[in-house]
There are 2 protein chains.
Amino acid sequence: MAKKVQIELGEAELEVMRALWDHGPQTVRDVMERLHERGRTVAYTTVLTFLTRLEQKGVVASDKRDQAYVYKSKISRQSVTMSRIKALVDQLYDGAAAPMLAQLIENERFTPDEITHLRKLIDDLDSKGS
Amino acid sequence: MAKKVQIELGEAELEVMRALWDHGPQTVRDVMERLHERGRTVAYTTVLTFLTRLEQKGVVASDKRDQAYVYKSKISRQSVTMSRIKALVDQLYDGAAAPMLAQLIENERFTPDEITHLRKLIDDLDSKGS
DNA sequence: TCTTACCTACGACAGCGGTAGTAGAACGCT
DNA sequence: AGCGTTCTACTACCGCTGTCGTAGGTAAGA
């Protein structure tokens, strides 16, 4: 379970990953359309560049099918999220997650349902123990 | 209280901000020493560049005292944290904080004390309401 | 006064990420 | 066979960030 030392993804690259996470393996053209839907109207070759770089970084894989390559994500959204949060917590709180979590809880607005859900998550922590 | 639309800080810049947050207003040399203590052995002029850029970005202020300028942060650690988290949540979860929070709670290890504290925070949300 | 030490201003450079153009291969239609 | 469409490979460029070096000011000691 060796974690990549760092999964370094830019903002646009992340949106490409999202397209793959949300809609499964796709061609360059597919991904481009997803990005356009989300308001990022980039050129076809730009998307190609993104995917090529992501493949070099080892976070997506491609295989030729019919005319075009189909790209799929090799990493989970969760691993990226956690990696990012970890970086954040390290950079701002020396790795202590609790204070950041506290701040997050205090500053965000949650619906009653969400609150109930969060409480349940916290409760579950007890039984699990550290 | 209009927040900057975006507080865009690099990783090294963030460490400079931390030095200012943790130890108050300081000279270039002071900040450099803080960075060295934290294992970032950068040159004096590099720190100077950081502080100059941060001032251009409007997040630190300087005033001349004796020989050297003393720099101080103009923004709070909290605002930066929230801004970063917001970016993260937007980028990965379309702005829905709860799912990310949930993932964070599930993946991090907390001490019993921290759990108690977190529970209290959640409880307080109820009384406060949205 | 000359030297030394420290400070700031300015310029430079490389790597990365976002963005795209062009060239050339491959496929299909006429 | 020739043409248009589509795909990939390559190259390029700009702005930002991390990193310094050099040059020139100024204060303080020899």
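Each chain gets a letter, A, B and so on, in the order its sequence line appears, and its residues count up from 1.
- Partners of B:D63 according to the side chain to side chain donor-acceptor pair (under 3.5 Å) rule, which considers only residues two or more places apart in sequence or in another chain, are B:R65.
- Among the atoms of the strands shown, base atoms are found under 4.0 Å from some heavy atom of A:Y44.
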task: Determine, step by step, whether B:Y71 and B:V28 satisfy the side chain to side chain contact (heavy atoms under 4.5 Å, CB included) criterion, reporting the C-alpha distance in whole Å, the side-chain angles of both residues, the deciding distance to 0.1 Å, and the verdict.
output: CA-CA 8 Å; B:Y71 293 85; B:V28 174; 3.7 Å; yes
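- For the pair B:K64 NZ and C:dA9 P, the computed distance is 8 Å after rounding to whole Å.
- Sorted by first and then second residue, the pairs that involve residues 24-37 of chain B and meet salt bridge (Lys or Arg N to Asp or Glu O under 4.0 Å), not counting sequence neighbours, are B:R34-B:E37.
- For B:E13, the salt bridge (charged side-chain N to carboxylate O under 4.0 Å, His left out) test picks out B:K57, with sequence neighbours left out.
- Contacts of A:T49 classified as side-chain contact (heavy atoms from CB on, under 4.5 Å), with partners at least two apart in sequence or in another chain: A:R53.
- Contacts of A:R84 classified as salt bridge (charged side-chain N to carboxylate O under 4.0 Å, His left out), with partners at least two apart in sequence or in another chain: none.
- Interface residues of residues 26-34 of chain A facing DNA chain D, ordered by number: A:V28, A:R29; criterion, heavy-atom separation under 4.0 Å.
- Residues satisfying the side chain to side chain donor-acceptor pair (under 3.5 Å) test with B:Q78, not counting sequence neighbours, are none.
- A salt bridge is defined here as a Lys NZ or Arg NE, NH1 or NH2 lying under 4.0 Å from an Asp or Glu carboxylate O, and A:K120 with A:D124 meets this definition.
- Atom CG of B:D66 and atom C1' of C:dC6 are 13 Å apart (whole Å).
- Judged as a side chain to side chain donor-acceptor pair (under 3.5 Å), and not counting sequence neighbours, the contacts of A:S76 are A:S79.
- If you walk DNA chain D from 5' to 3' and mark each nucleotide with an atom closer than 4.0 Å to a heavy atom of chain B, the marks span D:dT17 to D:dA27.
- Listed by chain and residue number, A:D94 satisfy the side chain to side chain donor-acceptor pair (under 3.5 Å) test with B:R18 (two or more places apart in sequence, or in another chain).
- Here B:E11 pairs with B:R40 in a salt bridge; the nearest charged N to carboxylate O distance falls below 4.0 Å.
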statement: Each nucleotide of nucleotides 15-21 of chain C classed B (base within 4.0 Å of a protein heavy atom), S (only sugar-phosphate) or -, in 5' to 3' order, makes --BBBBB
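- In this structure, a donor-acceptor pair under 3.5 Å is present between the side chains of B:Q103 and B:Y93.
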query: What one-letter contact string describes nucleotides 25-30 of chain C from 5' to 3', where B marks a base within less than 4.0 Å of any protein heavy atom, S marks contact via sugar-phosphate atoms alone, and - marks no contact?
result: --S---
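- A salt bridge does not link B:E114 to B:R109: none of the charged side-chain nitrogens sits closer than 4.0 Å to a carboxylate oxygen.
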